[in-house]
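Remarks on the structure that follows.
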Amino acid sequence: MQEGNLSKVRDYLTLLGIAGAVIALDQGAKYLVRSNLEIGESWSPGSLLSPLIRIVNWNNTGAAFGLFPSGGIVFTVIAIVVTVAILYYFPFVPRDQIALRFGLALQLGGANGNLIDRLIHGTVTDFISVGRFPVFNVADASISVGTAILVVAMWIEERRIRRTKESETPPSGGEGEESTSQLDPPIG
Amino acid sequence: MARRLAFTAPESRLRLDLALVAHIPDLSRTRLQRLIRAGHVTVDGAVTEKTGFFLEGGEQVEVMIPAAKPTTLQAEDIPLDVIFEDEDLLVINKSAGMVVHPSVGHDRGTLVHAVLAHAPDIQGVGGELRPGVVHRLDRDTSGLIILAKNDAAHQDFSRQFKEREIEKTYLALVDGSPPTPEGRVEAHIGRDPKNRKRMAVVTEGRGREAISSYRTLERFPQQTYLEVKPFTGRTHQIRVHLTYLGCPISGDRVYGRRTSKLPLKRQFLHASGLKVRIPSTQTLKQFTAPLPADLEGVLLLLRA
C-alpha cells in the first residue's frame, strides 16, 4: 500500500513538473508580450528570422490557433474536463510508456496555459506569428505537440501489437479456413 | 565665377590636401579634398586625384575651382496632376519617378521645378531650394503631396506635420503577409549602421520614434494588399517598417526582395489619402488620389 502511494506521488510529480514548466513558459512569455507590446503591435526578433517568426500581441477568443472564435465558455469547460481526466487517469498509464505520459503532460500544461488566460483576462493572448499561419502561443504548441506524440505513440504501439500477433499465428498450410486452396498439391 | 590658382609646393614633404589648405584659406579642407578627388588639381601638369599624395617640394600645383552652382531654381514645363489649389496650398498627385526637390544627384526635373512653372509665386517660400515643400514622398512613391504657396501656410502646414495632426493614408502591396490582419509597428528608425544609404529599424536609444499602423484589404496567394497609416513621417518609414515585419513592399529594390515576379518597375506604394486643415477655412479636408494605372494593373493581374 505504501509502495502504491509513493509511486503515485512520483507519477504526479512528473506530470505536474512537465505541465508546470509548460505553463510557466507560456504565461511568462505572454506576460512579456502584454507588457511590451500594445494590442496588434508587432516586434521582429531579427532580420534573418523576419519573414519566418514575428512576435505580436494578439487576442483570440477561440480554441488553439484561433479556431472556433465564438466558442467562449465551451473551451473553458473543455479545459477543465480535460484537466480532471488527465489528473485522474495519469497514474494508470504504464510507467514504461514514456511517450504517452509525456504527451499527456504536454496537453495538461497547454490546456491550463490558455485556461488561465480565459479565466483572468477573458481572452487568450497569442503571440507567435509564423508565415501566414494563425497567430498562436506556447500553450497551443504544447497541446499540438502533446497530441501528436500521443497519436504517434499509439500508432507505434498498435503496430507492435499487430506484429506480435502475426508472429504468433501458425504458419499457413495447417488447419484453419484461411489456408489458401492454391497451395493444395495438384492431383495426379 | 570659376577660379584658377597656382603655386609652388614648399621645400618640405607635405600632403597635397594640406598644401591646398595652406594656400586657399577660404575653402574648407573637406571642400578641397572633394576638388582633388574630382580631378580639379594638377601637380606638374598631371591630374592627381589622391588627397594623400605627398609633395616633395618645388612642384607646380594648379587648382581649378569651379563656379558655385546658381541657387535660384528654373521653372520647368513638366505636366502636373493638380488635385486641389487655393491661394494657400497646392495638392498634387505626384507620379512615380519624380523627385520632390533638388538634392545631390537630382538637380533638374523635380516636382518643385514643375510647380514653379505652375505657380511662380511659390518661389522662395520656406527656402530657396525647396519652395513650398512641407513634406516629402520618395521618388518612386506616387500619390498626394501638399505644397504651401506662401510663408504663413508653410508655417501652418509644417506645424501640422510636426504635431502629427495630419492623417496620411497609403496603399501598399507586400510580398508575403503581415503577422496579423491588422496591427501596428512602433520601431525606431535611423540610418542603417551597415549601409549609410539606407534607413533601418534601430535600437530604442538610437534613431527616432516611428509608428505605423496597417490593415489588410485583400489577400493574394503570395502577396497582401494593405492600407497603411503612418503616424510619424520618418524617411522611408513605411518601407522600413514593412520590411521589418517580414513583408517588404513588392518591387522595392532597396528594402525588398531583389526579384519580383510581378511586372513592377517601382515599389508598390501610393499615397492615396491626406487629411489636413486648410488655413483659409480652418476646416479639415480629405484629399484622395486613386491608384495609378501601373499599380492598378498589377492588382488586376493578381485578381485574375
Side-chain angles (χ1 to χ4, degrees), chain A residues 26 29-71 113-114 117-118 121-141 144, chain B residues 174-190 192-195 198-204 209-216 218-232 238-250 252 254-258:
Chain A
D26 180 67
K30 284 171 178 169
Y31 174 75
L32 280 177
V33 167
R34 278 193 293 259
S35 37
N36 286 301
L37 296 174
E38 292 180 37
I39 307 248
E41 187 188 340
S42 298
W43 175 76
S44 178
S47 49
L48 283 167
L49 290 170
S50 204
L52 302 172
I53 294 185
R54 301 155 297 191
I55 309 293
V56 58
N57 184 351
W58 197 242
N59 285 342
N60 263 323
T61 51
F65 306 102
L67 297 166
F68 308 116
S70 40
N114 283 336
D117 274 22
R118 288 199 187 94
H121 301 105
T123 180
V124 176
T125 295
D126 287 321
F127 59 91
I128 304 173
S129 168
V130 178
R132 275 204 174 164
F133 207 63
V135 188
F136 60 96
N137 56 41
V138 172
D140 296 332
S144 306
Chain B
V174 297
D175 290 328
S177 65
T180 46
E182 53 188 66
R184 63 198 263 137
V185 184
E186 295 186 24
H188 280 219
I189 290 182
D192 188 342
K194 292 180 223 148
N195 183 345
R198 293 165 48 127
M199 305 300 283
V201 167
V202 294
T203 50
E204 264 194 38
E209 189 193 27
I211 306 170
S212 309
S213 77
Y214 62 87
R215 156 175 102 85
T216 301
E218 248 178 286
R219 297 172 96 149
F220 300 109
Q222 293 178 324
Q223 287 91 9
T224 316
Y225 186 39
L226 304 173
E227 178 191 86
V228 182
K229 286 193 151 100
F231 291 111
T232 53
I238 297 178
R239 296 160 74 186
V240 171
H241 272 174
L242 289 174
T243 301
Y244 170 77
L245 284 183
C247 50
I249 292 187
S250 305
D252 189 339
V254 176
Y255 296 101
R257 314 251 164 97
R258 237 144 295 180

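Every chain is numbered from 1, with letters handed out A, B, ... down the list of sequences. Since we're looking at a predicted model, the values are computed, not measured.
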query = Of all of B:P178, B:S213, B:A187, which one pairs up most often with chain A through heavy atoms under 4.5 Å apart?
reply = B:P178
note = Rounding to 0.5 Å, atoms CD1 (B:I211) and CD (A:E41) come to a distance of 8.5 Å
ask   = Does CZ belonging to B:F220 count more than 12 external heavy atoms closer than 6.0 Å?
value = yes
ask   = Got a donor-acceptor contact below 3.5 angstrom from the A:R54 side chain to the B:L245 backbone?
value = yes
inquiry  = If you count heavy-atom pairs within less than 4.5 Å of chain A, which of B:V185, B:D175, B:V201, B:T224 leads?
reply    = B:T224
ask   = When heavy-atom pairs shorter than 4.5 Å are enumerated against chain A, which of B:R219, B:H241, B:E182 gives the highest number?
value = B:E182
remark   = Residues B:Y244 and A:S44: closest non-hydrogen pair is OH-N, 2.9 Å
query = Taking the side chain as C-beta and beyond, is there a heavy-atom pair between A:W43 and B:P179 under 4.5 Å?
reply = no
note = Scanning both residues in full, the closest heavy-atom pair of B:Q223 with A:R132 reads O-NH2, 2.9 Å
ask   = Any side-chain heavy atom of B:E186 within less than 4.5 Å of one from A:L37?
value = no
query = Taking atom OG1 of B:T180 and atom CG of A:N60, what is their separation to the nearest 0.5 Å?
reply = 10.5 Å
